[in-house]
Amino acid sequence: MNNNDGCNRVLQAAGNRVALTNCGICNARCGMKITLAGSRIDKVEGWTDHPTSRGYLCPKGRAIKELVEAPDRLKSPLVKKPEGGWQEISWHEALDLVAGKINKLKENYGAEALAVHVGQSGVGKEFTHYAARFCQVYGTPNFSTAGSHCHYSRVMANCLTYGALPEPDFKESDCIVLWGSNPAESSPLLSREIKQARRQGAKLIVVDPRRTATAGVADLHLQLRPGTDGALALGLLRVVVTEGLYDREFVERWTVGFDRLAEHLAGFTPETAAIITGVPAAKIVEAARLYARSGPACISQGNALELHTNGFQAARAVAVLQAVTGNLDIAGGAVIKTPPRLASLIAAYNQESRKPAIGQNEFPLFYRHTRQAQANIYAEAILEGKPYPLRGMIVDGSNPALTWPNAGKVRRALAGLEFLAVIDHFMTATAALADIVIPVATFLGQDELADWTGARGDLRLGLIPGTAADTGQMTNWKFWSELACRMGYGDYFPWETEEAAINDRIKPLGYTVEELKQKPDGIVYGKWTPKKYEREWFKTASGKVELYSNELLRHGYEPLPVYREPGESPVSTPEVFSKYPFILTAGARTLGYFHSRYRNIPSLRQIAPEPLVEIHVDQAGALGIADGDRVMVESLRGKIELRAKLSREIHPGVILIPHGWAEANVNLLTDNDTLDPVTGFPACRSLLARVYKKD
Ligand SMILES: Nc1nc2c(c(=O)[nH]1)N[C@H]1C(S)=C(S)[C@@H](COP(=O)(O)OP(=O)(O)OC[C@H]3O[C@@H](n4cnc5c(=O)[nH]c(N)nc54)[C@H](O)[C@@H]3O)O[C@H]1N2
Ligand SMILES: Nc1nc2c(c(=O)[nH]1)N[C@H]1C(S)=C(S)[C@@H](COP(=O)(O)OP(=O)(O)OC[C@H]3O[C@@H](n4cnc5c(=O)[nH]c(N)nc54)[C@H](O)[C@@H]3O)O[C@H]1N2
Ligand code: SF4
Ligand SMILES: [Mo]
């Protein structure tokens, strides 16, 4: 199947064999220059004139030729044979098979028996919206995304407070706080901006249980116990409020609930926060003063802030801190962006199934804000029929067997489905459990939108134009539109090509794909202007910053940010702690990998050849563990074997393991039982575990 005619035209129109595109792996969307020999990649370089990346490519972007040409890349759909093993089938057979199976599911059990999950590879991508639209037309409420464990908790906490998730404006900041965020590994372009700001004199505070390279050069490193972020934020807030370091004018004019907040904070002295977090009280005071007394200050709220049972409330406390210090929507502060106005792809909902989405009853506010199911509890629906049975799943661009909490249970659940289809480039741990695996093109073989609106300044929308480098595969978009047509939903997917579909999406902005193809590095469709709230108010019920949230109260949650101990911790479960005496934080990013991806790419594997558990030298010494020893790490859910990496940088008493390794799947140790009560997010970054040497 070749869906790249339009893209080939662009290349020929350019009159040479160089294709300019943007990397589709992470949200940075770095500009990429690909030299082609025929339809093969000859060379991959950074695009030096690119307005945001200026020639930079991280090791993942530089490895794109290896990814496209990987010997284990799947080339045609595979169906599992009854006796085991796989059989190749054609694209048409594959689509017919999926259509037949999910029609049957609906007939037998109702539409809600099917769940569709689009993983991290769909974040910021158009195909996510087509998959959602497919679900709406088919009639299942069970559409979920990586937002079940990523980003949406921060989005909700910030939106409930002031109507948007702002972006930290590092470039012009006087004080940068990296809170559970480590851009040196997770966002290299932002890391460069931070370094530049530092050269201009910006102060840096890092909140991390590990002395990362960035924390090592920071003005202040708050090395907290994992999962106590909420307590630290309340401690900082108290100093800001009691010492009068907040922005009085802003608070008076633009916030509601300040008096109640001040009262609520009264008992939360730096000493109290110090006992909980392990960060000395004097450092908490110093950090609060530094942050609040600086000129414009910004906080990068990382994924480690939200992956806790108290994650939502912690992010709320951080949002409140940004607001009362007057840092909202100013240069160098927390900038509120205006996303591009694209045509909606939400279809009229097929009302055949009136069942709630999985998670809708447990996490009503999460559902209200996202209109998505909560995938972290799919396993209970599949295995225990709670609240009703899920019988089939389509997994598009995700690897739940490695990336979802309580992966042992997730695997059992996926294996127990009547029908599982996985769309991926490779035979992943999840694909291996499927009835059918459908390969798709990488971003090099399909058109996608690229949105750089996150950064302050220009609001910029461009294209990730497909190139001739990865032809012959189904595209993500094509899968959903062809499936829809086969099932009689063609009227809802009227677009003949991806280009036509994207054209309709960008119409409200007045652009065409053809124009974006001429300028894939983006068209500036607007400019950020400070303090939009002065003209448009905040997008909350009161139009102001809701330090006290009636919406939270209405849903039965605390209206002011609170700290609660992690579901599993030395304080909340001392009996577990006596047997599992380490705090496990699972999943800090490394530059060469993307979650479960790229262990099969040689240049990336070289950077981090095997999974390691980072453990403090003193603790390791007491257990007779030397650097490189094979050890077992065990939690209440399971155990894994891997090598120890001794370190002086990690908080003593904490161990850190990256996620995404099939060889040592840390999510076998994580939990989907005790979740954040507001969002259903899992506590991947604060659990209890024990470590012992492998005999
Ligand atoms: N190379 C690469 N880049 C990526 C990704 C990838 O997989 N690989 N994934 C992308 C995605 S989807 C995401 S969500 C982002 C995430 O990227 P970030 O938001 O930067 O998050 P992490 O790197 O996972 O963790 C950041 C830091 O949190 C610390 N930490 C651990 N536990 C805690 C805790 O309890 N509290 C605090 N305050 N800190 C803690 C870790 O030591 C780590 O240094 O990265 C994106 N970028
Ligand atoms: N313990 C622990 N677990 C975590 C985290 C953590 O910090 N700790 N982080 C969580 C977070 S923030 C996230 S975002 C999730 C991410 O978890 P997932 O959503 O599972 O993401 P990936 O592991 O990147 O899996 C993406 C899969 O899609 C495939 N793929 C790549 N491009 C495409 C494409 O265009 N189409 C299709 N169909 N497939 C494609 C890749 O080969 C890969 O197999 O993990 C979560 N899990
Ligand atoms: S930082 Fe790396 S993965 Fe992300 S867009 Fe740039 S090259 Fe691609
Ligand atoms: Mo994520």
Side-chain angles (χ1 to χ4, degrees), residues 21-32 44 46-47 50 52-53 55-64 67 119-121 123-124 145-154 177-192 206-215 221-230 232-233 277 279 300-308 310-311 314 318 403 443 450 452 464 566 569 583-598 604 607-608 614 649-651 654-660 681 683-687:
T21 188
N22 299 295
C23 175
I25 297 171
C26 91
N27 291 346
R29 305 281 189 253
C30 298
M32 217 175 223
V44 176
W47 173 357
H50 194 274
T52 58
S53 56
Y56 176 81
L57 287 180
C58 83
K60 300 183 289 300
R62 291 200 299 272
I64 194 67
L67 176 74
Q120 212 293 332
S121 59
V123 170
T145 64
S148 281
H149 27 244
C150 177
H151 198 62
Y152 283 0
S153 180
R154 282 170 276 175
V177 184
L178 298 181
W179 200 313
S181 141
N182 186 20
E185 303 283 343
S186 63
S187 303
L189 286 185
L190 294 182
S191 185
R192 287 170 140 200
V206 175
V207 183
D208 198 308
R210 213 171 28 137
R211 189 165 57 233
T212 58
T214 313
H221 174 205
L222 309 181
Q223 195 168 21
L224 81 178
R225 163 163 73 93
T228 62
D229 300 83
L232 181 64
T277 61
V279 178
S300 168
Q301 305 175 39
N303 184 228
L305 184 59
E306 63 187 354
L307 283 177
H308 300 288
N310 189 233
V318 170
T403 55
F443 69 88
W452 291 276
I464 305 178
S569 90
I583 298 166
L584 165 65
T585 171
R589 309 298 184 249
T590 53
L591 193 57
Y593 296 131
F594 214 76
H595 303 286
S596 65
R597 292 181 232 174
Y598 311 140
L604 300 176
I607 304 174
E614 192 171 338
E649 322 305 331
I650 188 118
H651 185 303
V654 175
I655 54 172
L656 183 145
I657 304 177
H659 70 302
F681 269 45
C684 299
R685 305 295 180 97
S686 51
L687 291 158

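Throughout, residue positions are numbered sequentially from 1 according to the sequence presented. In listed order, ligands and their atoms are each counted from 1.
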Student: Can you check whether Gln120 reaches Thr403 side chain to side chain, under 4.5 Å on heavy atoms?
Tutor: no
Student: Answer whether the closest heavy-atom distance between the side chains of Arg225 and Val279 falls below 4.5 Å.
Tutor: no
Student: Answer whether the closest heavy-atom distance between the side chains of Asn303 and Arg685 falls below 4.5 Å.
Tutor: yes
Student: At a 4.0 angstrom heavy-atom cut-off, what protein residues surround ligand 1?
Tutor: Lys60, Gln120, Cys150, Trp179, Gly180, Ser181, Asn182, Glu185, Ser186, Val207, Asp208, Pro209, Arg210, Thr212, Leu224, Pro226, Gly227, Asp229, Gly302, Asn303, Ala304, His308, Thr585, Gly587, Ala588, Arg589, Thr590, Leu591, Tyr593, Phe594, His595, Leu656, Arg685
Student: So do Asn22 and Trp47 actually touch side chain to side chain, heavy atoms under 4.5 Å?
Tutor: yes
Student: Between Glu185 and Arg589, is there a side-chain N and carboxylate O pair less than 4.0 Å apart?
Tutor: no
Student: Heavy-atom contacts with Arg29 under 4.0 Å: which atoms of ligand 3 show up? List them by number with element.
Tutor: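 Contacts of ligand 3 toward Arg29, numbered from 1: 5 (S).
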Student: Would you say the side-chain atoms of Tyr593 pair up with the backbone N or O of Pro658, donor to acceptor, closer than 3.5 Å?
Tutor: no
Student: State, yes or no, whether a side-chain contact exists between Ile64 and Cys23 at a heavy-atom distance under 4.5 Å.
Tutor: no
Student: Can you tell me if Glu306 uses its side chain to pair, donor with acceptor, with the backbone of Arg154 under 3.5 Å?
Tutor: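 Judged by distance alone, yes, a pair lies under 3.5 Å.
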Student: Are the side chains of His221 and Asp208 in touch, meaning some heavy atoms are under 4.5 Å apart?
Tutor: yes
Student: Rounded to the nearest 0.5 Å, what separates atom OG1 in Thr590 from atom CD1 in Ile607?
Tutor: 8.0 Å
Student: Using a cut-off of 2.8 Å, how many protein N, O or S atoms sit around atom 2 (Fe) of ligand 3?
Tutor: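 Considering protein N, O and S only, atom 2 (Fe) of ligand 3 has 1 within range.
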